[in-house]
Amino acid sequence: MTSRVDIAIVGSGAAGIAAAVCAARAGDTTLLLDKNNSAGGTGGFSGLTTLCGLFDGEGKFLNGGFTREFAEAIAEAAPVRMGKVWVLPYRPEKFCKVATEFLASTPKLQTHWNTPLSDVVLENNHIIRLNGIVVGAVIDCSGTAEVARAAGADCLATDETTQAPAMVFPLQNVTRDLSSPAAAAKVLLPLARAGFPPLNFQASLEPGTLTVKFTGRAEQTENLIQFLRSNIAGFENCSTPLTQFTEVKRAGRMIIGQYLLTGADVLAGKKFPDAVARCAWPIEQWNSAGVARHKYLPSGTHYEIPARSLRAAKVGNLFMAGKTISADVDAIASARVMGICLATGAAAGNLAASYLESAHAK
Ligand SMILES: Cc1cc2nc3c(=O)[nH]c(=O)nc-3n(C[C@H](O)[C@H](O)[C@H](O)COP(=O)(O)OP(=O)(O)OC[C@H]3O[C@@H](n4cnc5c(N)ncnc54)[C@H](O)[C@@H]3O)c2cc1C
């Protein structure tokens, strides 16, 4: 049984996978733990099929390192343009498989599954132990700031007024091309007029299949599919293999760090001397009352995320990545997409390793 590790990471979604591999590659003994029984988090288990936030306005990678390595390992097709942005279509099973392979093949990295976070112990504002294991540094990749809350660190929360949950499900046997926003609008408009809550269509690698993100209630999905079949050309034979629909939560919790990234920073394309990641994804807000709002950065620009947004303000050895970085409700509505979770995860792994190196040098 492990009794001590250099770096412990809680949460094995996009952020935690990247953080764990990068921390271990830096030479530190690393433990990744998750309450689930395997790696993947939202990217692997919610039905999503597009990795967002990887590219600039021309479809070129904005971040290299592990972010690009992981994206290239799961890629089975070229990136596709969706209006003003580029996304990478992927299969969730491949996301999980590649994650598992990276974790298994990285020396100094061990995983504990079916292991909820417990017993966080602090001394002099540093976490010294969690789950009975002595730790040198901790990275919170839980999406809801579980480590930070247990450690008494200050947090901000998004809620369902701007980050409404959604059902994500595949829709098969669709013969209509919806690859441009104008083509999608011709389907979305009659749905809105019929009173359905907002939805959008995402690319899928399965032929004749779309991924639907529906900001409605589970019991409305059957009516939605029926409406599409009866009223929209190209959807006459559409169906979903799912028999149960589960809401996926967009809202999360952000840990107050040494710098709070703001929506104004995002839209101004702000740059930082201690930048660790780049992002050009818009601020995307999903209102359960019916409005999806996108605020885009000026064309050709991106913003940066500083290292200080990945370090907790009040707990000396706590780092964060993915949905928990130090950002306000507007900034996280851009930075929460998986391409950026990978980038902040990789950066947090490296930052935690550097922190331990300088702590040992003292
Ligand atoms: C409806 C919806 C649609 C989206 N669409 C897209 C999209 O098309 N493209 C895109 O790129 N992004 C999309 N996103 C955003 C993106 O999927 C998430 O923000 C991102 O995956 C978060 O990654 P993460 O690693 O920060 O956290 P998560 O993937 O949420 O991982 C957190 C992990 O922490 C674990 N955990 C939590 N609490 C504990 C605990 N107490 N103990 C142990 N383990 C714990 C969980 O089991 C989980 O495995 C969407 C999100 C939603 C909800």
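Note that ligands are numbered from 1 as they come in the structure, with each ligand's atoms numbered from 1 the same way.
Distances from atom 23 (O) of ligand 1 to the heavy atoms of C341, S12, A333 show the closest one on C341. Relative to atom 27 (O) of ligand 1, the option among A18, G252, G43, C141 with the closest non-hydrogen atom is C141. Here atom 11 (O) of ligand 1 lies nearest to M338 when heavy atoms of M338, M82, E247 are compared. Of the candidates K213, E146, M167, the one placing a heavy atom closest to atom 6 (C) of ligand 1 is K213.
Under a 4.0 angstrom heavy-atom cut-off, G53 registers as lying outside contact with ligand 1. In this structure, T211 does not count as a contact residue of ligand 1, since none of its heavy atoms falls inside 4.0 Å of the ligand.
In summary, the atoms of ligand 1 found under 4.0 Å from a heavy atom of G322, numbered by their order in the structure, are 26 (O). Close approach of ligand 1 to P116 is summarised as follows: ligand atoms under 4.0 Å from at least one heavy atom of the residue are 42 (N), 43 (C). Set against the non-hydrogen atoms of T115, the atoms of ligand 1 under 4.0 Å away are 43 (C). Atoms of ligand 1 lying under 4.0 Å from at least one heavy atom of T42, given by number and element, are 17 (O), 21 (O), 28 (P), 29 (O), 30 (O). Every atom of ligand 1 with a heavy atom of C52 under 4.0 Å away is listed here by number and element: 7 (C), 8 (O), 9 (N), 10 (C), 11 (O). Within ligand 1, the atoms closer than 4.0 Å to a non-hydrogen atom of Q202 are 8 (O), numbered from 1 in the order shown. Below 4.0 Å from some heavy atom of G13 lie the following atoms of ligand 1, by number and element: 25 (O), 29 (O), 31 (O). Near G11, with a cut-off below 4.0 Å to any heavy atom, the atoms of ligand 1 are 33 (C), 34 (O), 35 (C).
Taking atom 9 (N) of ligand 1 as the reference point, the nearest protein heavy-atom neighbour is T50 O, 2.7 Å. Nearest protein heavy-atom contact of atom 13 (C) of ligand 1 is L48 CD1, 3.8 Å. Given atom 35 (C) of ligand 1, the protein heavy atom at minimum distance is D34 OD2, 3.3 Å. From the protein, the heavy atom lying nearest to atom 37 (C) of ligand 1 is S142 O, 3.5 Å. Nearest protein neighbour of atom 16 (C) of ligand 1, counting heavy atoms only, is R336 O, 3.7 Å. Nearest protein heavy-atom neighbour of atom 1 (C) of ligand 1: A166 CB, 3.6 Å. Scanning all protein heavy atoms for the shortest distance to atom 43 (C) of ligand 1 gives K35 N, 3.2 Å. Looking only at heavy atoms of the protein, atom 53 (C) of ligand 1 is closest to K249 O, 3.2 Å.
For ligand 1, the polar-atom distance check against G339 finds no nitrogen or oxygen pair separated by under 3.5 Å. At a 3.5 angstrom cut-off on N or O pairs, A14 counts as close to ligand 1.
Within the structure, the salt bridge (charged side-chain N to carboxylate O under 4.0 Å, His left out) test picks out the following pairs touching residues 243-252 (sequence neighbours left out): E160-K249. Counting only residues at least two apart or on different chains, the salt bridge (charged side-chain N to carboxylate O under 4.0 Å, His left out) pairs with a member in residues 219-232 are R217-E219.
Two residues are said to be in side-chain contact when any heavy atoms from C-beta on lie closer than 4.5 Å; I325 and I255 fail this criterion. Contact of the F55 side chain with the V85 side chain is not registered, since no non-hydrogen atoms from C-beta on lie closer than 4.5 Å.
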Y355/F319 under ring-ring contact (aromatic ring centres under 6.0 Å, His included): CA gap, chis, key distance, verdict:
CA-CA 10 Å; Y355 159 81; F319 297 79; 5.7 Å; yes
If you apply the rule salt bridge (Lys or Arg N to Asp or Glu O under 4.0 Å), what do you find for K108 with D28, and how did you get there?
CA-CA 7 Å; K108 294 198 160 195; D28 289 297; over 6 Å; no
One pair to check against salt bridge (Lys or Arg N to Asp or Glu O under 4.0 Å): R293 and E284. What are the steps and the verdict?
CA-CA 6 Å; R293 215 164 45 130; E284 238 191 282; over 6 Å; no
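Aromatic ring orientation, F169 versus F214: perpendicular (interplanar angle above 60°, classes split at 30° and 60°). The aromatic rings of F95 and F70 stand perpendicular to each other, their planes meeting at an angle above 60°, with 30° marking the opposite boundary.
For NZ of K295, the number of neighbouring non-hydrogen atoms (other residues, nucleotides, ligands) closer than 6.0 Å is greater than 12. Within 6.0 Å of the NZ atom in K271, the count of heavy atoms belonging to other residues, nucleotides or ligands exceeds 12.
Side-chain atoms of E206 and S204 include no donor-acceptor pair closer than 3.5 Å.
F66 and F102 have their aromatic ring centers within a separation under 6.0 angstrom.
For the atom pair CD (Q172) and OG1 (T209), the distance works out to 5.0 Å, reported to the nearest 0.5 Å.
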